[in-house]
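Remarks on the structure that follows.
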There are 2 protein chains.
Amino acid sequence: MKIDDEIKAHFMTPQHRALVNIRYTSNYLGNLQNGFMSKFDLSMPQFNILRILRGAKGAINVNNVKDRMVEKSPNTTRLMDKLVDKNLVERWRCTEDRRVVYIQLTEEGQSLLKEIDQSIELLTITNINLSDEEAQTLSDLLDKIRIEPSSHIDL
Amino acid sequence: MKIDDEIKAHFMTPQHRALVNIRYTSNYLGNLQNGFMSKFDLSMPQFNILRILRGAKGAINVNNVKDRMVEKSPNTTRLMDKLVDKNLVERWRCTEDRRVVYIQLTEEGQSLLKEIDQSIELLTITNINLSDEEAQTLSDLLDKIRIEPSSHIDL
DNA sequence: TGTTATATTCTACCAAGGTAATTAATTCGA
DNA sequence: TCGAATTAATTACCTTGGTAGAATATAACA
């Protein structure tokens, strides 16, 4: 369904339509993702941390995880708290630089990731219904939006 | 900056890249919007409710507001609670159908909207840095994604 | 050395979003 | 007409996200 119908709106410009559409579609996709992950008692952000840790192939510090996340907030610490509670991740303080905290997947975390990988529905949350070319066009347009706030005016 | 650099990721497919990019860019735009609205002691969702009420040109019920929002959750009630607290909106129960609750902008709410309209930076949150054609292409691609979960398989 | 600046992580506090269940009112149908 | 189903709105409970600031440790430098 077109965004105009989804939220019964009349947009004055294609730019405004696109902007609302990004928010709406992101929300839609986020709900799909969380719905899928809930089968594994994880939220999507939690799953993302697990994947980042797997990609790191060993222990990395909190800041490195944060840099790889969509949201760069203190939330990373809180998400990791929950992963530690579930025994999916272990965390310890660096002895050379005592400000730094390292984290790493546990055996249990690795098994869970494997299990999730084998789920056929994983595609639902890493794939979308576009051709390669369309998907790349979409990414390029989104990258362009973020270059600078549009209509930015120095006052 | 390209999404791959923003979150230091290596995507295996353009579809996955696009998916993450939608989430990331939506987040980026949401933060811009909230930053702008905070000058008026509003959140963006609160502002959206006010705009919906203005568009309605009179009293409408809670469900009608919800239908026009990006998120269709019980959150609408809670957002309206806050607008009532700020005297920007008034709310009363329908006498014919006592299940229904009507809401409407107050004078104060209308003034605030006018004030916000006059802010030159309002464009920051209703416009994006794309041509008309690019913006429409973007919207079309996003609409297409929502048609159906990709790779949906009935098991 | 001692003082200041910076870096890393974490905590507190608040707003928002989601699911599920509840309340209250209305409608539908045997 | 009475009871079941439906509808509208709300509430409870939980997770996430954001800003600001605190705690702790390290670096930089006069």
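Remember, predicted model here, so these are calculated numbers, not experimental data. Below, chain A is the first sequence line, B the second, and so on; all start at residue 1.
- Between A:Thr77 and A:Asn27, it is A:Thr77 whose nearest contact on DNA chain C lies nearer the 5' terminus.
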What protein N or O atoms touch nucleotides 19-25 of chain C N or O atoms at under 3.5 angstrom, if any, and at what distances?
| from | atom 1 | to | atom 2 | distance (Å) |
| --- | --- | --- | --- | --- |
| C:dA25 | O3' | B:Arg98 | N | 3.4 |

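- Atom-to-atom, NZ of A:Lys66 to P of D:dG17 comes out at 13 Å; the value is rounded to the nearest Å.
- A salt bridge does not link B:Asp117 to B:Arg51: none of the charged nitrogens lies less than 4.0 Å from a carboxylate oxygen.
- Under the 4.0 Å criterion applied to side-chain N and carboxylate O atoms, B:Lys86 and B:Glu108 are not assigned as salt-bridge partners.
- Under the salt bridge (charged side-chain N to carboxylate O under 4.0 Å, His left out) criterion, A:Lys57 pairs with no residue at all, not counting sequence neighbours.
- Side-chain contact check for B:Arg146 and A:Asn21: at least one donor-acceptor pair (N or O, by modelled atom type) lies under 3.5 Å.
- Relative ring orientation between A:Trp92 and A:Tyr102 is described as tilted, the plane-to-plane angle lying within the 30° to 60° band.
- For A:Arg23 and C:dG17, the CZ to P distance is 8 Å, given to the nearest whole Å.
- Residue A:Glu71 contributes atom CD, which lies 15 Å from atom C1' of C:dA15 at whole-angstrom precision.
- Nearest nucleotide to the A:Asp81 side chain, out of C:dG18, C:dT11, D:dT11: C:dT11.
- Residue A:Asn63 places at least one side-chain N or O under 4.0 Å from the OP1 or OP2 atom of C:dT9.
- Remark: A:Lys82 is not in phosphate contact with D:dC14, judged by side-chain N or O atoms under 4.0 Å from OP1 or OP2.
- Between A:Asn61 and A:Asn64, some side-chain heavy-atom pair lies under the 4.5 Å cut-off.
- Salt bridge present: B:Arg99 and B:Asp97 bring a charged side-chain N and a carboxylate O closer than 4.0 Å.
- At a threshold of 4.5 Å between non-hydrogen side-chain atoms, the residues B:Arg17 and B:Asp4 count as touching.
- Side-chain N/O atoms of B:Glu71 and B:Asn75 include no donor and acceptor closer than 3.5 Å.
- Between B:Asn64 atom CG and D:dA9 atom P the separation is 8 Å, expressed in whole Å.
- Taking atom CG of residue A:Leu83 and atom C1' of nucleotide C:dC10, one finds them 16 Å apart after rounding to whole Å.
- The stretch residues 33-53 of chain A touches DNA chain D through A:Ser43, A:Pro45, A:Gln46, each having a heavy atom within less than 4.0 Å of the strand.
- In this structure, CG of B:Leu79 is placed 17 Å from P of C:dC14, rounded to the nearest angstrom.
- Spacing between atom CG of A:Leu32 and atom P of C:dG17 amounts to 18 Å, rounded to whole angstrom units.
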